[in-house]
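Heads up, the thing below is written out as structure tokens.
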Amino acid sequence: SLELQIPSSALEGSESTKDNSRDFVTTTSEIEDSEKSLVERTYLRTIGAIDYEPFTISLKNQKQHEIGIVGVGWGDRARASEANRITERSGVILSIISSDGYAVGVGEVSPLSGLHAESLEEVENQINEVKSRLEKIDQALLPAMEPEKLLALDGNLGEYVDTLLRTLDFDEIGPSFRSGLEMALISLASQTKGMPILRALTEFSPEMNASSGTPKAELALCGLIMRGRSSRLFPSQKSLDTIDGVVYPSLKVKVGHQTAKADAISMSKALQAAEKGGKIRADANRAWNEDSAIHFVAALEGIDVDVINRVEFIEEPLIKVAGEWSFPAQVEALERWHKHSGIPYALDESLADLADLTGNDFVTMQSVIKKTFSDGVGGCAALILKPALLGMELSMRLARIAHIDLGIGAVFSSSFDSGLGLGHTSFLAAVADASAPSSSDRALYSHGLGTFSMLVDDTISPPFLSYVTKQGKLKVSSLSRAFFGLSIDDIRDSVAVELLDVSPSVISKSEADSQDYRASAATSSSGRELSVAVSLPLPFSDDVACSRFSDLPQQSRWSPWLSSVAYVDAGRESEWTLNIRGVRFSWRAVSSVLERPYRGIMWESISGLKNMGVVEFIPTGADSCTMKVRMTIITPRIVASLFPGASVFAEDFLQDKLLRWSLEMFRDVVKGDLALERGDVELGDALFGAVEGRASAIEATLSPLGPNEKSTETEK
């Protein structure tokens, strides 16, 4: 299914979700096992198109419910000042469609000022240039995808991206673009294997073996307290239980850029807010020199000695070392501070600096890190890994160094990403935790994905927060299943769709007297929003027509492309599944029955394939009426791979085929029902025989097309 908002039962691993996965696996297996030429296999395994959708999400300051947050980013951006207030998070959802059009991968590209060097405008220019070159190149020249290798995250994904860019004669792209591209490729590769992302990454992880565990269904998260808000966040003992209703197993406090005493008070109050026995950690973002860092520890001990014992670590407490920077020199300074304070530290900015210094070359980074730690390093508790900055694959490879070579923690952290980026990061975290050696004595720390609580909205529906329990655990397995088959059209558009005009229909005398099917269509300037109006006379009353049509589970009787229609949520919603040329679309909708001025039904989807409309039955006689349908649909981007253009989809397929067939078959099905009900078996059988014949012809028309067939149709 290409729908993200799955039924609540499926979130718990119900049979409905498993059935969908089995269907996809079967289809993929048939492709793999069939006798296809090498050319056809390559065709199925290359990128066909890249697209993107901008998004903007407002940010809030959790407990205070203020618009915007301060102290986000590194360097001067970390200061808690109004000049550094960020009120919204903007980015793009990147989509990759396979050459055959049957698999889609999505990722998030959202550069953050103060963290990324590139701007959103620069990233969009890069995406558009790559998109343009991809559209012009002969696809036979593109590198073939090997899903198993890409999903191993052991270097092959980076090599594939580099090869793709070289083939397109494109220079190096920004880190945020590369991260989003890697997300989309991982998503695409998992689809070709017929597996949700979490399962696919686990299946092909080089570290997973018989002695390794499998990812847990829930992933522990770390809550976040921003600078400049902790004193107001916990004004009294009564408010020390939760943050936005969630009790996290650990809390991170942003410290530095204020007095040592204020930082110490923030830490102490955060400890009270943590659940019983919970831990706290701090993030100084290189705020202190060595003396200031020692003063902070002294202030902490003076307020609450117990705090020291429950501090997991402090991320990057020291400023960048003077002179020509090096990773060993920074770690050496941190080790001196650790020996004096007794508090462990974690590396964050230092990893980004090392990546920048080495050109993101993993082999060089691995050599530097292992050599540095071989010289008696004992104060480092964890590596902090930001996939939005380091990339998906490099982050996972560094996590392996932490767990396997260094015996320390690997904490995956967000860059204030939306739910899509947070989801991808959580999958890496779950696999990294599960694939760590069981003999390792390092702690498995909770992961830094608590930034979701600062999002006013989200790019996914249900939002990321709906997968987080009151105990601060992410239902990562459920989230992974929801991501399975996710396309850019399941991402909420930043601009709301204009509501369909549902004012009463006016029908002329010529329309009332006509016995013909009538249709008209219009396409928006973007080419994605299609509005269609069709009508057909019916030889029975509006009362009969409305009562039969509004029985929604019966819809597939006259619309054979509908796999199923079912009532859910005690009948308050309906769930629809549509299959066109081997591509499945799903959506949920709410509907209401109309009584005036004409009988009918009005609906609007609330998830999945975006569509809305109204069906009216306008009386033209005692035993006749005209059925009039008006609907608007947001064309899925995958349709571009099945049809030559939006206008063709609207006029040649939606208007002249799907809707016409639906109305005519509805007429004939109801005529057959009425004939059988009055005892005219011969007429009823004849009508249903004709309906079945038409249904078979329709199903053949809607069956999946091979690459050569689709190419021929496109050329027409």
Side-chain angles (χ1 to χ4, degrees), residues 1-10 16 461-462 489-490 492-493 496-505 529-536 538 540-580 584-619 625-636 654-655 658-667 669-670 673:
S1 170
L2 290 180
E3 179 197 5
L4 176 58
Q5 185 163 353
I6 57 179
S8 58
S9 59
S16 60
S461 179
D489 293 289
D490 299 303
R492 183 182 312 195
D493 288 308
V497 179
E498 291 186 11
L499 292 177
L500 184 75
D501 177 15
V502 291
S503 56
S505 295
E529 185 176 334
L530 309 176
S531 295
V532 180
V534 299
S535 63
L536 182 73
L538 302 176
F540 35 83
S541 70
D542 60 315
D543 180 65
V544 170
C546 186
S547 63
R548 307 284 171 139
F549 190 86
S550 58
D551 186 3
L552 298 182
Q554 298 293 316
Q555 291 282 327
S556 57
R557 294 183 64 201
W558 47 82
S559 299
W561 48 88
L562 285 173
S563 302
S564 65
V565 180
Y567 288 116
V568 293
D569 194 18
R572 287 183 289 270
E573 298 174 7
S574 53
E575 189 170 58
W576 302 62
T577 304
L578 169 72
N579 199 309
I580 299 179
R584 179 179 294 177
F585 302 95
S586 299
W587 67 95
R588 276 194 177 192
V590 292
S591 58
S592 58
V593 175
L594 304 176
E595 295 294 341
R596 289 196 285 278
Y598 306 113
R599 302 199 64 185
I601 189 170
M602 182 169 61
W603 80 91
E604 180 176 357
S605 66
I606 57 175
S607 71
L609 184 66
K610 297 180 180 178
N611 65 97
M612 60 189 73
V614 59
V615 177
E616 295 172 294
F617 300 98
I618 304 169
C625 67
T626 293
M627 181 179 185
K628 191 167 187 177
V629 179
R630 289 173 290 158
M631 69 176 294
T632 296
I633 181 173
I634 306 300
T635 316
L654 180 62
Q655 171 184 297
L658 283 188
L659 288 178
R660 179 166 189 161
W661 293 337
S662 186
L663 266 64
E664 291 177 346
M665 289 185 68
F666 172 70
R667 177 195 61 196
V669 165
V670 175
D673 283 344

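Atom set for the values below is all heavy atoms of this structure, side chains included, hydrogens, waters and symmetry mates excluded.
- Atoms CD and CG, on Glu616 and Leu594 in that order, are 6.5 Å from each other to the nearest 0.5 Å.
- With sequence neighbours excluded, no residue forms a side-chain hydrogen bond (donor to acceptor under 3.5 Å, both in side chains) with Asp551.
- Checked against side-chain hydrogen bond (donor to acceptor under 3.5 Å, both in side chains), Ser559 has the following partners two or more places apart in sequence or in another chain: Ser662.
- A search for side-chain hydrogen bond (donor to acceptor under 3.5 Å, both in side chains) contacts involving Glu664 returns Arg660, Arg694, not counting sequence neighbours.
- Put simply, the side chain of Ser556 never gets that close to the backbone of Ser564: no donor and acceptor are under 3.5 Å apart.
- Scanning all heavy atoms of the two residues, the minimum distance from Trp558 to Arg548 falls at CH2-O, 3.7 Å.
- Between the CD atom in Gln554 and the CG atom in Leu552 there is a gap of 10.0 Å [rounded to 0.5 Å].
- When the side chain to side chain contact (heavy atoms under 4.5 Å, CB included) test is applied to Ser550, the partners found at least two apart in sequence or on another chain are Ile601.
- Residues Pro619 and Cys625 share a closest heavy-atom pair of CA-CB, 4.0 Å.
- In plain terms, the two heavy atoms of Phe617 and Gly600 that are nearest each other are CD1-CA, 4.1 Å.
- Taking every heavy atom of both residues into account, Ile618 and Tyr598 meet most closely at CG2-CE2, 3.6 Å.
- Taken from CH2 in Trp603 to CE in Met612, the straight-line distance is 10.0 Å, to the nearest 0.5 Å.
- Considering every non-hydrogen atom in both Phe666 and Met627, the closest pair reads CD2-SD, 3.7 Å.
- Note that the OG1 atom of Thr626 and the CG atom of Leu538 stand 7.0 Å from one another [nearest 0.5 Å].
- In terms of the salt bridge (charged side-chain N to carboxylate O under 4.0 Å, His left out) criterion, residue partners of Arg557 (sequence neighbours excluded) are, by chain and number, Asp673.
- Rounding to the nearest 0.5 angstrom, the gap separating the CG atom in Leu659 from the OG atom in Ser535 is 11.5 Å.
- Residues passing the side-chain hydrogen bond (donor to acceptor under 3.5 Å, both in side chains) test with Asp542, sequence neighbours excluded: none.
- Under the 4.5 Å side-chain criterion, counting only non-hydrogen atoms from C-beta, Trp587 is not in contact with Glu575.
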